[in-house]
Structures are given as C-alpha cells and as structure tokens.
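First up is the structure itself, then whatever we jot down about it.
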Amino acid sequence: MRALKIAGAAIGAVIVVIALLAVIGIPSDFLTSAIQERVERETGYRLAINGGTKISLWPSLNITLSDIALQDPKDREVNNRLTASSIQADVTLSSLWSGEPQVTELLIVRPVLTMPLQRVREPNPPAKSSTTGTSEAKFGIEHVSVTGGTIVFSNVRDRVESRIETVNADATIGSDRKIVITGNGRGGGEPLKFEIKATAPAPPIERQNIPTEIAFEAPGLMQAPLSARAEVRLNGTAVMFNGVSGTLGDGAFNGWASLDIASNKPLVKLDLDFQKLSLAMEHGQPGTAAQPWSNASIDLIGLNYVDAQAKISAAELNIGDGRFAPAAIEASLMSGVLKARLANLGTYEGNANGDLYIDATSNPSYTLSADLSNVRALPLLRSLADFDKLDGRMQAKIAVRSSGNSQRAIMGNMSGTAFAVFRDGAIRGLNVAQMIRSLTTSPLSGWQEGDQLATDLSQLSASFKIDKGQAVTTDLNLVGPLVKMTGVGTVDLGTKMIGFRVAPKLVLTTEGQGRTADPVGLGIPVMIEGPWDSPRIYPEMQGILDNPEAAYAKLREMGKGLFGPNGAGLGSLFGGSQGGTGSQGGNDSTQSGQGGLFGGQLGETIGNLIQQGLNGGTQPPRPSRSIPPASPQQQPEPPSQSTAPSPPSDGDGTQDSRAMNEVLRQLFNR
C-alpha cells in the first residue's frame with residue numbers, strides 16, 4: 001500500500017508538470033528534467049526516464065514516458081520500486097487552460113511493482129510529510145488501464161520472492177465519484193480474479209466512510225468465491241473495514257477487519273463469524289497408505305512477513321469431508337510464530353480442544369496438544385484420513401512436537417505421547433478371530449479384509465511414547481466378545497512400518513459371548529511386521545523353542561478347536577499339506593510345503609510329527625512324497641513289541657512331552 005501511494009503521487013506529479021510545461025511550450029528534453037525534479041521533491045524517490053519523453057498535440061495532448069524506473073535512494077537492497085515499459089497520458093487541452101488538468105486515459109504497460117518484505121515491524125515509523133504548497137494544480141483521472149503487470153514480494157536477505165503475474169486491470173472513475181476496478185492475474189501458478197466497487201466522498205476522504213463492495217475468486221487458494229460489503233475508512237496508515245458482511249460460497253459471514261501499513265510489515269486484525277465455513281483439503285489417491293511420505297518442501301517462511309490477530313467462529317466448519325459444529329478459533333501471528341487455540345469444537349457427537357504452535361523463524365517446528373472426548377471414530381477418521389477400519393466411541397489425548405519442512409521430515413522427527421481408546425464398536429473389514437485361526441494354515445501377508453467381515457470390540461486401547469518418529473506401546477489391549485489380545489510393539493511413523501508382538505486369546509466355539517469358560521490362548525506369540533497397510537502375520541517360533549513342553553500341551557488343548565479334530569491342520573501350518581495327508585491329483589508342489597511357517601521338507605516334517613503327538617503318539621509320521629526314503633544303513637531298527645509305548649491318555653502329558661522334546665531336540669539341536 002505504501003508503494004502504491006508513492007507510485008500514485010509520482011504519477012500525479014508527472015501529470016501536473018506535463019500540464020504546466022505543455023501550456024507554456026517547454027521542449028521535451030527540458031520537460032524530462034522537470035518531471036524528474038518534481039517527483040523527487042514530492043516523494044523522495046528518483047525517477048529515471050531511460051527512453052525519453054514524447055509529446056503529441058493532435059488530436060489531443062498526449063505525453064508518453066518510455067522505460068521508466070522509480071528508485072528509493074535509501075534502499076540498497078531493492079534497486080527499483082516501480083518500473084514500466086511505458087506510461088502514456090491523454091490530457092484535454094481545455095482542462096489545461098482551466099488550471100485543473102483532466103486525464104482522460106492513463107495507460108501503463110508492463111509495470112513491475114516491488115513490495116519489500118520485512119521480518120520486524122518498525123515500533124514508531126516516521127511520519128510522512130504532507131505537501132502543503134498552495135500552488136499545486138489539481139488534476140483528475142477518468143480511466144486507468146494496466147496491461148502485463150507484475151507484483152513482486154521479496155526479501156533479498158532471506159532470498160524469498162513471490163509473484164503475482166500477468167496482471168491486467170481496468171479502473172474507471174465516474175463524475176459521480178463512483179470507482180470500479182476489475183482485473184485478473186496469476187498467483188502461485190493459479191488464476192485469480194477481482195472486482196472492487198466504491199463511492200468516494202468529497203475530498204478530503206480521510207476518516208470518512210467509503211462504501212465498498214469486493215468480489216474475489218482464487219480457485220487454487222479458496223474453495224469458493226468471496227463477496228463482501230464494508231464501510232472502508234482511512235485513518236492515517238490504517239485501513240479500517242467496519243460492518244463487514246458477505247458470503248464465502250453459500251455461507252454468510254459478518255464482522256470487522258483492519259490493515260495497518262505503517263511499515264513494510266503489515267499488521268492484520270480480524271474478527272469474523274461464519275454461518276458455514278468450508279475449507280478445501282487435498283485427498284490422497286487410492287493406495288496412498290502404501291506410498292512413502294512426501295519429500296516436497298512445505299514453505300512456511302511467508303509467516304515471517306506479516307503479523308496478525310484473528311478470531312474466527314463458525315456455526316458449521318467443514319474441512320474437506322469433515323463436518324464440525326460449532327467451532328471457535330483464536331490465533332495470533334507475531335514475528336514468525338503462530339499460536340492457535342481450538343476450543344469446544346463440536347466433533348461428531350463429541351467435542352475436541354487443542355492448541356497448535358508453529359515456529360517458522362528458521363527450520364519450522366511444531367507443537368500440538370489435543371483432547372478428544374466421546375467422538376464417533378468412524379466418520380472422523382474417514383473424513384480426515386480416509387481410514388474406515390475402526391468404529392466406536394473414541395477418546396484420545398495427544399501431545400507431540402516435531403520439526404522439518406516436509407511430511408517425511410515431520411513424521412520422522414516426531415516426539416511426545418499419545419493415548420487412544422475405542423469403546424463399544426468394531427474393527428471393520430477384519431475378523432480377528434478368523435485371522436488368528438487362519439494362522440493354522442499359513443502365515444498371512446496383509447490384513448485379511450472383506451466387506452462383510454468385522455470384529456466386535458468392547459474396548460481397544462493403547463498408549464504410545466514417541467521419540468524420533470518411533471511410537472512404542474507396551475499396553476496394547478483388545479477386549480471383545482470373541483477375542484482378547486494384549487501386546488507390545490513399535491510404529492515407525494517416518495517409514496510407515498510396524499512391528500508388534502501380540503498374545504491373542506479367542507473363543508474356539510460358536511457359543512461366542514455365552515461361553516462359560518475363559519478364552520483359550522494361542523500359546524505362541526504372534527508377530528505382526530512390515531508396512532502398516534500390508535504386514536506379515538505369523539507365529540513366533542522362538543515361543544515354541546523356549547518352552548516346548550508348554551507349547552506342546554497348549555497345542556494338544558487347542559487341537560480340537562483351532563487345528564481341527566486331532567490337529568488335522570498342523571501339517572499346513574508348518575509347511576505340509578492339509579491335515580498331513582498330501583495333495584490330491586498329483587499337485588504336491590502347489591499344496592505341500594509352500595505356504596507354511598517354514599515351508600519345504602523341514603516344515604512338513606515338523607507338522608506331521610506334532611500331529612502324531614496330537615493323535616496320541618501311537619502312529620508314525622506318514623512319509624511325504626517330497627522326502628526321499630532313507631538308505632538301509634540309515635534306517636533305525638523298529639522298536640520291539642515289548643518296548644512300544646502305549647497310547648497316552650488325555651490326562652497324562654508326560655509321555656507326550658518326552659516325544660515332543662525328542663522331536664525338537666533332533667530337529668533344532670536343543
């Protein structure tokens with residue numbers, strides 16, 4: 001605004017000098033010098049007219065200045081505040097004779113206006129001296145046209161530059177003092193369009209209300225067009241917008257705003273209340289969860305060049321597909337530090353409170369604390385994160401901090417704590433009990449999803465301690481009518497990898513919640529490792545090898561449930577064919593030893609040997625077609641009839657444990 005005022009004063013001085021000198025017939029060379037002296041005396045800026053001055057008297061007085069540059073002699077960082085290929089003014093001869101030059105047309109071609117950006121506001125900026133001379137000629141302008149203009153916002157020390165390009169504007173000033181300004185341009189590569197209508201009061205206009213209408217469209221920056229009415233008042237270096245009312249899209253708003261341009265760092269204040277405020281949010285493409293975080297730079301340096309104080313309230317706040325009602329936000333931006341508070345945000349039948357702190361003075365840092373209470377989890381997570389696997393009432397507390405200028409850096413540097421609990425809901429698209437039972441046939445690659453699958457849960461909770469992007473929990477707890485599970489693990493936020501060790505317990509019959517006995521544990525820890533959208537799920541063999549007696553006893557206990565009658569499913573768990581019977585139709589290679597925990601001959605042998613134990617230990621393991629028969633000298637002598645063990649009873653596990661120990665000793669050298 002300050003630069004615009006200076007440019008206007010310079011243009012006015014040029015017009016006055018041109019009018020006076022044209023009347024008395026001064027040559028154009030002398031006219032150029034006179035214009036330069038008048039501009040410097042009026043504004044303190046130097047005007048360089050590198051292309052010379054041209055005067056034409058027919059059919060009307062026409063003055064053209066070519067290749068001009070307006071310079072601030074005190075500013076060593078910005079060479080030129082305003083440059084233009086040419087400025088052409090048409091002046092009526094009759095207005096010159098009257099002493100009040102009237103410019104009918106002012107054409108500015110390819111101007112470049114440079115607006116310096118400052119990090120620090122001047123506490124007491126010097127007052128601008130006003131011209132008090134009584135000999136100044138008055139002038140008026142009827143029409144102004146700007147073509148191919150550029151506005152540059154820059155800070156040379158920070159190497160920051162932002163542009164609004166291809167600016168075309170047209171301003172008309174009627175005899176009734178009605179002003180209409182229309183224009184368009186491109187900011188950040190996105191189109192923008194504006195229109196301003198105002199009625200200027202009789203001079204002097206300072207501290208008088210100016211009825212103003214504003215329309216603004218920027219599809220790349222704003223979700224909907226903005227239109228507003230206000231009473232604008234100029235008060236020194238401040239521009240006041242009183243009685244603001246308007247619409248943003250289909251939502252009405254009202255309030256007030258002000259802009260202080262005392263220094264090159266503006267101060268913005270506003271207090272607005274919206275009926276409905278809609279903010280756009282970019283949605284990820286399908287499969288985004290499997291993609292790494294973006295390394296694209298997040299540019300927040302612009303927060304250093306404006307100070308602001310804002311209060312925003314809305315009866316309804318829409319962020320992307322998210323719906324919140326009501327909302328109240330208080331924010332301040334001072335010296336590159338943004339502080340925002342969100343109070344009692346209505347969130348899907350619950351509420352949320354939060355504080356956000358962003359320090360953009362150097363490497364951006366972030367601090368977030370949030371508290372969510374009794375929120376419906378499914379619509380919230382689906383609208384904000386495209387995540388639709390959890391339903392129920394959610395309570396969460398988050399206190400995290402991070403730094404970085406990209407998504408990947410922010411997630412990788414995150415530290416803090418988080419706690420979440422989901423009650424009386426379900427895990428959608430996933431049946432945990434069925435998933436655990438599926439481990440008896442093969443390890444799982446990714447979540448075994450299905451539209452009709454779900455796991456009812458009474459409560460799912462976990463607390464995380466986060467350090468450098470590593471979120472660690474030691475109290476994962478899932479309680480449901482068909483499954484219970486506890487566990488520990490780590491979520492790598494930077495790489496989207498997880499590693500969990502869980503101890504599942506589940507009901508092995510269809511009695512479900514009516515079962516009187518306690519759920520039976522798998523007996524062997526289950527590992528969940530890999531990318532968080534498709535981890536590998538498998539039993540931990542170390543759990544078997546550390547305590548083979550307990551593992552064998554648990555397998556016998558679960559044999560009729562998880563593994564089928566007499567453990568028929570164990571062969572495929574360890575790599576053999578279903579039930580240890582081999583495949584049918586000669587397709588041994590595709591059914592035997594391919595999908596189990598170990599695969600191949602070793603896995604099939606383990607499965608068949610354990611199955612023998614579940615069957616009572618009386619039958620030798622059936623030979624697999626993929627295992628070649630042993631040579632005569634390697635075959636052990638068959639046991640004598642007198643030493644053959646008798647089938648153990650269900651209540652006697654001693655003989656079974658000895659058989660199992662012998663199998664594990666031979667296979668794993670234990």
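Throughout, numbering of the chain's residues begins at 1 and tracks the sequence. Fair warning: this is a prediction, and the values are worked out from it, not measured in the lab.
The two atoms that bring A198 and I210 nearest to each other are CB-CG2, 4.0 Å, heavy atoms only. N304 approaches A360 most closely through the heavy-atom pair ND2-O, 2.9 Å. Taking all atoms of both residues into account, the shortest heavy-atom contact from D176 to T199 is O-CG2, 4.5 Å. Between T212 and I196, the shortest heavy-atom contact is CG2-CG2, 4.1 Å.
The closest side-chain heavy-atom distance from M115 to I151 is below 4.5 Å. The shortest side-chain heavy-atom distance between F324 and L342 does not fall under the 4.5 Å cut-off. Residues F194 and I181 form a side-chain contact, since some pair of their non-hydrogen atoms from C-beta on lies under 4.5 Å apart. Between V337 and K339 there is a side-chain heavy-atom pair separated by less than 4.5 Å. Side chains of L333 and V306 form a contact here, defined as non-hydrogen atoms less than 4.5 Å apart. The shortest side-chain heavy-atom distance between D250 and Q275 does not fall under the 4.5 Å cut-off. A heavy-atom distance below 4.5 Å is not found between the side chains of N50 and S66. With a 4.5 Å cut-off on side-chain heavy atoms, L380 and T347 count as touching.
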Should K311 and D271 be marked as a salt bridge (charged side-chain N to carboxylate O under 4.0 Å, His left out) after you check the CA-CA gap, both sets of side-chain angles, and the distance that decides it? CA-CA 5 Å; K311 292 183 179 180; D271 189 338; 5.1 Å; no
Run R207 and L234 through side-chain contact (heavy atoms from CB on, under 4.5 Å) and show every step you take. CA-CA 5 Å; R207 299 192 179 185; L234 304 179; over 6 Å; no
Given side-chain contact (heavy atoms from CB on, under 4.5 Å), test V232 with V239 step by step and report yes or no. CA-CA 7 Å; V232 179; V239 183; 3.8 Å; yes
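Using a 4.0 Å cut-off between charged side-chain N and carboxylate O, D260 and K269 make no salt bridge. Here R229 pairs with E213 in a salt bridge; the nearest charged N to carboxylate O distance falls below 4.0 Å. Salt-bridge check for D355 with R341: passed, with a basic side-chain N closer than 4.0 Å to an acidic carboxylate O. The pair E195-K193 does not count as a salt bridge, with every side-chain nitrogen at least 4.0 angstrom from each carboxylate oxygen.
Proximity of a side-chain donor or acceptor of S313 to a complementary backbone N or O of A328 within less than 3.5 Å is not detected.
Using modelled atom types, one finds no donor on one side chain facing an acceptor on the other under 3.5 Å when comparing S297 with S406. When only modelled atom types and interatomic distance are considered, D307 and S335 share no side-chain donor-acceptor pair under 3.5 Å. Side chain to side chain, N413 and S402 fail the donor-acceptor criterion of an N or O pair below 3.5 Å. Remark: the Y366 side chain and the R401 side chain contain no N/O donor-acceptor pair separated by less than 3.5 Å.
Here CZ of F253 is found 9.5 Å from CD1 of I312. Values are rounded to the nearest 0.5 Å. Interatomic distance, CG of L303 versus CG of D299, reported as 9.0 Å (0.5 Å rounding).
Under the side-chain hydrogen bond (donor to acceptor under 3.5 Å, both in side chains) test applied with D90, the options T104, N62, T64 reduce to a single match, N62.
Other residues, nucleotides and ligands place more than 12 heavy atoms under 6.0 Å from the CZ atom of R408. Within a 6.0 Å sphere centred on CZ of R110, other residues, nucleotides and ligands contribute 12 heavy atoms or fewer.
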